[in-house]
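From a predicted model like this one, the values you see are computed outputs, not experimental measurements. Sequence positions, counted from 1, serve as the residue numbers for this chain.
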Amino acid sequence: MIFEKSGGAVDWLIVGLGNPGQKYEHTRHNMGFLTVDLLAEQLNVKLNKVKFKSAYNIVRFGGQKCLVMKPQTYMNLSGEAVHEAAQFYKIPADHVLVIYDDVSLPVGKLRVRPTGSAGGHNGIKNIIAHLGTQDFPRIKIGTGAPAGGGAEMIDWVISVPSQAERKILVESFENAVKAAEDIIENGCQKAMNDYN
């Protein structure tokens with residue numbers, strides 16, 4: 001696929017949420033990072049530019065010029081990076097697509113939404129705070145939840161899924177990339193019909 005020169009309009013932000021660093025690389029909280037890594041790999045591009053507190057690149061995807069980014073702020077401050085890039089390129093919230101993990105969904109289940117609350121997800125909470133709206137599309141990737149819930153939740157999201165779960169999740173990342181393309185080309189409603 002085509003490399004785009006920086007500068008000029010960007011139509012969409014595609015944001016994969018996660019935590020930077022090797023320690024978190026393959027953890028449940030990094031579903032967004034792993035999905036945009038796959039997207040970049042499919043386009044034969046590296047997310048190796050650094051700006052907007054992110055690792056990013058600009059690509060043609062779904063017929064649009066998209067800035068694909070992995071905020072490097074750590075999950076709870078993701079909104080700082082998203083807001084900076086959205087402001088720089090004057091991208092409206094409904095063209096900020098966020099991909100992230102969701103403990104309330106079974107492992108590998110996708111859920112496309114055009115809007116919604118943070119649902120207890122600190123990365124999303126921070127993006128809502130910085131964008132000043134919850135009206136941005138998102139793709140949630142289910143990680144399941146620990147049996148006990150509660151305090152175990154933090155350990156759960158920063159732990160690595162089992163071998164069996166990883167097999168399911170790899171397919172989910174592929175579907176999430178397709179869903180992202182669907183959202184950009186055809187809108188959220190069609191992607192919801194196709195992937196929810």
Under 4.0 Å between a side-chain nitrogen and a carboxylate oxygen: does that hold for Lys109 and Asp102? no

Supply the atom-to-atom distance Leu17 CG to Asn30 CG, rounded to the nearest 0.5 angstrom. 9.5 Å

Arg28 side chain to Trp156 backbone, donor-acceptor under 3.5 Å: yes

Measure from the side-chain N and O atoms of Ser54 to the backbone N and O of Val50, and report whether any donor-acceptor pair falls under 3.5 Å. no

Hey, does the side chain of Arg113 reach the backbone of Arg138 with a donor-acceptor pair shorter than 3.5 angstrom? no

side-chain contact (heavy atoms from CB on, under 4.5 Å) assessment of Phe136 paired with His95: CA-CA 7 Å; Phe136 53 87; His95 278 55; over 6 Å; no

For residues 178-196, the salt bridge (charged side-chain N to carboxylate O under 4.0 Å, His left out) pairs (sequence neighbours left out) are Asp182-Lys190, Lys190-Asp194

Expected output: side-chain Asn76 to main-chain Gly123 donor-acceptor under 3.5 Å: no

Cluster link Ile91 to Ile58, ILVMFWY, side chain under 4.5 Å: yes

Students often mix this up, so state it plainly: with edges at 30° and 60°, are the rings of Tyr24 and Tyr74 parallel, tilted or perpendicular? perpendicular

4.5 Å side-chain heavy-atom contact, Met69 and Val36: no

N/O donor-acceptor pair under 3.5 Å between Asp101 side chain and Ile141 backbone: no

For the side chain of Arg60 and the backbone of Gly63, is there at least one donor-acceptor N/O pair under 3.5 Å apart? yes

Is there a donor-acceptor pair closer than 3.5 Å between any side-chain N or O of Asp11 and the backbone N or O of Cys66? no

With side-chain contact (heavy atoms from CB on, under 4.5 Å) as the test, would you mind laying out the steps for Leu97 and Val15 before giving the verdict? CA-CA 6 Å; Leu97 172 58; Val15 186; over 6 Å; no

Can you check whether Lys70's main-chain N or O pairs, donor with acceptor, with Gln72's side chain at less than 3.5 Å? yes

Polar side-chain atom of Asn57 near backbone of Leu47 as donor-acceptor pair, under 3.5 Å: no

Closer than 3.5 angstrom, by distance alone: can the side chain of Thr27 be matched with the main-chain N or O of Ile158 as a donor-acceptor pair? no

A side-chain contact here means heavy atoms from C-beta on lying under 4.5 Å apart; do Ile139 and Tyr195 qualify? no

Output field: ring centroids His121/Tyr100 closer than 6.0 Å: yes

